Amino acid sequence: QVQLAESGGGLVQAGGSLRLSCAASGSIFSRNTMAWYRQAPGKEREKVASITTGSTTYYAPSVRGRFTISRDNAKNTLYLQMNSLKPEDTAMYYCAACTLFRPCVGVSDIAAWGQGTQVTVSS
């Protein structure tokens with residue numbers, strides 16, 4: 001199993017940037033498709049971006065062109081670079097490891113979650 005720990009969240013003004021990090025331990029990080037999810041109060045948890053072991057990426061339409069997901073397998077670390085932040089990006093952001101050898105299409109496909117890091121974007 002993989003244990004995940006996010007960091008890098010905070011309070012920024014609209015138009016600003018943040019870089020989230022997710023440190024993995026307890027298993028072989030390089031074998032998992034990884035993803036970032038976010039959840040705002042009263043809303044469903046939604047996938048923001050994902051990256052496969054071969055570095056194929058997916059982005060939600062709402063963040064495409066503004067966010068970049070990447071991974072450093074040597075450091076067992078996942079990143080999310082967030083630029084041009086908007087108030088609607090405000091949410092708790094979660095690092096996630098997808099179940100091995102399965103398509104990672106939704107929350108039911110997640111094998112491990114981090115505890116989350118709060119991102120707040122002011123107007």
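All residue numbers refer to positions in the sequence shown, counting from 1. Just so it is clear, the model here is predicted, and its values are computed rather than measured.
Considering only residues two or more places apart in sequence or on other chains, R38 meets the salt bridge (Lys or Arg N to Asp or Glu O under 4.0 Å) condition with E46, D89.
Between L78 and I69, the closest side-chain pair of non-hydrogen atoms falls below 4.5 Å. Looking only at side-chain heavy atoms (C-beta outward), I110 and Y37 come within less than 4.5 Å of each other. The closest side-chain heavy-atom distance from Q13 to V121 is not below 4.5 Å. Considering only heavy atoms from C-beta on, R45 stays 4.5 Å or farther from M92 through its side chain. In this structure the side chain of Y59 never reaches within 4.5 angstrom of the side chain of V48, judged on heavy atoms. Contact check for V2 versus N32: side-chain heavy atoms found under the 4.5 Å cut-off. The shortest side-chain heavy-atom distance between L18 and V119 falls under the 4.5 Å cut-off. Looking at E6 and W36, their side chains come closer than 4.5 Å, going by heavy atoms from C-beta outward.
Rounded to the nearest 0.5 Å, atoms CG (L80) and OG (S70) are 8.5 Å apart. For the atom pair N76 CG and S25 OG, the distance stands at 8.0 Å (nearest 0.5 Å). Note: Q81 CD to L20 CG = 8.5 Å, rounded to the nearest 0.5 Å. In this structure, M34 CE and S50 OG are separated by 10.5 Å, a value rounded to the nearest 0.5 Å. To the nearest 0.5 Å, the span separating CZ on R71 from OH on Y79 amounts to 12.0 Å.
Scanning both residues, S30 and T53, for their nearest heavy atoms gives O-CG2, 3.0 Å. Residue S21 comes nearest to T77 through the heavy atom pair CB-CG2, 4.4 Å, listed as atom of the first residue, atom of the second, then distance. When all heavy atoms of T90 and Q118 are compared, the closest pair comes out as CG2-NE2, 4.1 Å.
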In sequence, state the C-alpha distance, the side-chain angles, and the governing distance for W113 and V107, and then conclude on side chain to side chain contact (heavy atoms under 4.5 Å, CB included).
CA-CA 10 Å; W113 294 97; V107 295; 4.0 Å; yes
| task | Run the numbers on Q39 and Y94 for side chain to side chain contact (heavy atoms under 4.5 Å, CB included), then give the verdict. | result | CA-CA 8 Å; Q39 187 168 25; Y94 298 91; 4.2 Å; yes
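In this model, no donor atom of one side chain and acceptor atom of the other lie less than 3.5 Å apart for T99 and D109.
With T117 contributing its side chain and G9 its backbone, the two residues share a donor-acceptor pair below 3.5 Å.
Between Y93 and F67, the ring-plane angle classifies as tilted under the 30° and 60° cut-offs.
Dense packing is recorded around CZ of R64, with more than 12 heavy atoms of other residues, nucleotides or ligands lying under 6.0 Å away. Enclosure of atom CD in Q115 is not indicated, since only 12 or fewer non-hydrogen atoms of other residues, nucleotides or ligands lie within 6.0 angstrom.
A continuous path of ILVMFWY side-chain contacts below 4.5 Å connects V12 to M82, so both sit in one hydrophobic cluster.
Listed by first and then second residue, the ring-ring contact (aromatic ring centres under 6.0 Å, His included) pairs involving residues 6-35 amount to none (not counting sequence neighbours).
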